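These figures come from a predicted structure and were not determined experimentally. In the text below, chain A, chain B and the rest are named by the order of the sequence lines, each starting its count at 1. Hydrogens, waters and symmetry mates are skipped; everything else that's a heavy atom, side chains included, is used.
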There are 2 protein chains.
Amino acid sequence: MNTENIPDIIVSRIPVYLRALQRMSENGITSTSSQELSEKVRISAAQIRKDLSQFGEFGKQGTGYHIPFLMDRLRQILKVDRIWDVAVVGMGDIGHALARYPGFANRGFRVAMCFDSDPAKIGTKVGDFVIRDVANMQADVKEAGIKMAMITVPAAAAQDVVDKLVEVGVCGFLNYAPLSLQVPPGIKVQHIDPAVGLQRMTYYIE
Amino acid sequence: MNTENIPDIIVSRIPVYLRALQRMSENGITSTSSQELSEKVRISAAQIRKDLSQFGEFGKQGTGYHIPFLMDRLRQILKVDRIWDVAVVGMGDIGHALARYPGFANRGFRVAMCFDSDPAKIGTKVGDFVIRDVANMQADVKEAGIKMAMITVPAAAAQDVVDKLVEVGVCGFLNYAPLSLQVPPGIKVQHIDPAVGLQRMTYYIE
DNA sequence: TAGATTGTTAATCGATTAACAATC
DNA sequence: TAGATTGTTAATCGATTAACAATC
């Protein structure tokens, strides 16, 4: 199974395929075709076949794809055939929601630690977590070997938090702060910004 | 100022430029260059100049771009030179966070109504809002003339909610449910899925 | 076998980059 | 004027699509 030098844009579609397959699987469906998957994810069938064929031959001519097998392979490719511990930094409303989000567990992630700088919050509980002092963040994250973090602090604090986490080995960031983060080569950032999402649609509305 | 037939991929970058400009503006900076902006948003200077030139000539040779002027123009292009009312459907943790999100007001949006189907929640307050019964959603949204909605209901309920909102004229959806929505032509959907965001990064981590 | 659907090739399409004349 | 930076062109690069032989 080849996983070398795959274009970023293909990698970014694999989680979408996996999500649709997981949903079909939960509905008791055990096989599918590129055509059927295409209708679910709104990506052309040719594109789906081409994307999947970058990694190996996962289907069978005439019958399509066996869903449990394909899901296994996609999970291996994305390295979510294991559970990744993730830190949440910034326990406002969004941090709160992420700490209790039910959609991580079956997709390869577990919130392992939550941090905030507010003395009024430190030591209080959110879900199963005691909120930790961000002053100990580097030591705690390093000791736990955490590689991924979700950043939900104010814009003014985000870059500093990210720099500190990069220092202790975090290499993937889900950024909710409304700015572009500067990171060294090899460090990955994904942005989530609801206002940007809305602004990408108003252009098209009369 | 031309705003016809602009590729989707260019439109999707404009909110990112605008966000960076807004941040510079708040820091008292009044002019910038494609080179400087490039470093902030991590998009090449040539690309930024090309993108902006699709819409008009917003800069001056030798001196770059006047930030307040450029922001005005980008806001006009994105139609966020006004305030859009947005409905939130599903008042779990994420709906809660969106209803109180401070990042909408200065970027062209205002949460106007919140809906849930849980009798225990209906009538209670979240921030300034009384949670409304989703049974009255179509009438309420139609009467208010709302064009955009954020969907934070469970996956199993999302498509039905969207179908109902399309019927009463909503044409932009920010979807937090973990599935691809099916919508008629002309209706826009943006997806936000933190697990997908994380899965797009684990591929690259050793 | 006949029908269906993959994996792959070649063609098309679109996006990005490099370079520079125009001009502030 | 000299220096800086835009807007734009042409070249390059990469992604998508269409078509079909292979094959289950």
Nearest whole Å is fine: how far is [N] [atom2] from [X] [atom1]?
X	N	atom1	atom2	result
B/K50	C/dT16	NZ	P	9 Å
B/F58	D/dT8	CZ	C1'	15 Å
A/Q61	D/dC20	CD	P	17 Å
B/Q35	D/dT6	CD	P	9 Å
A/E36	C/dA4	CD	P	15 Å

key: Any A/R13 side-chain nitrogen or oxygen under 4.0 Å from OP1 or OP2 of D/dT16   =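 A/R13 to D/dT16 OP1/OP2: side-chain N or O found under 4.0 Å.
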
message = On the nucleotide C/dT16, are OP1 or OP2 found under 4.0 Å from the side-chain N or O atoms that B/Q47 carries?
response =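 Yes, because at least one side-chain N or O of B/Q47 sits under 4.0 Å from OP1 or OP2 of C/dT16.
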
request  = With the side chain of B/K60 defined as its heavy atoms from C-beta on, choose the nearest nucleotide among D/dT5, C/dC24, C/dG7.
outcome  =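 Shortest atom-to-atom distance from the side chain points to C/dC24.
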
ask   = Which is true for B/S44 with a 4.0 Å heavy-atom rule: it touches a base, it touches only sugar-phosphate, or it touches nothing?
value =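 Sugar-phosphate contact only.
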
message = If you assign B/L52 and A/I9 each to the DNA chain D nucleotide with the nearest heavy atom, which residue ends up on the more 5' nucleotide?
response =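 The 5'-side residue here is B/L52.
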
inquiry  = Judged by each residue's nearest nucleotide on DNA chain D, which is more toward the 5′ side, B/T63 or A/I10?
reply    =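 It is B/T63, whose closest nucleotide lies nearer the 5' terminus.
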
ask   = Are B/R107 and A/D193 ion-paired here, with the side-chain N under 4.0 Å from a carboxylate O?
value =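 Yes, B/R107 and A/D193 are salt-bridged.
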
task = Identify the nucleotide, in any strand shown, that forms a Watson-Crick or G-U wobble pair with D/dA19, with both distances under 3.5 Å; if there is none, say none.
result =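 Here D/dA19 is engaged in a pair, and the nucleotide opposite it is C/dT8.
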
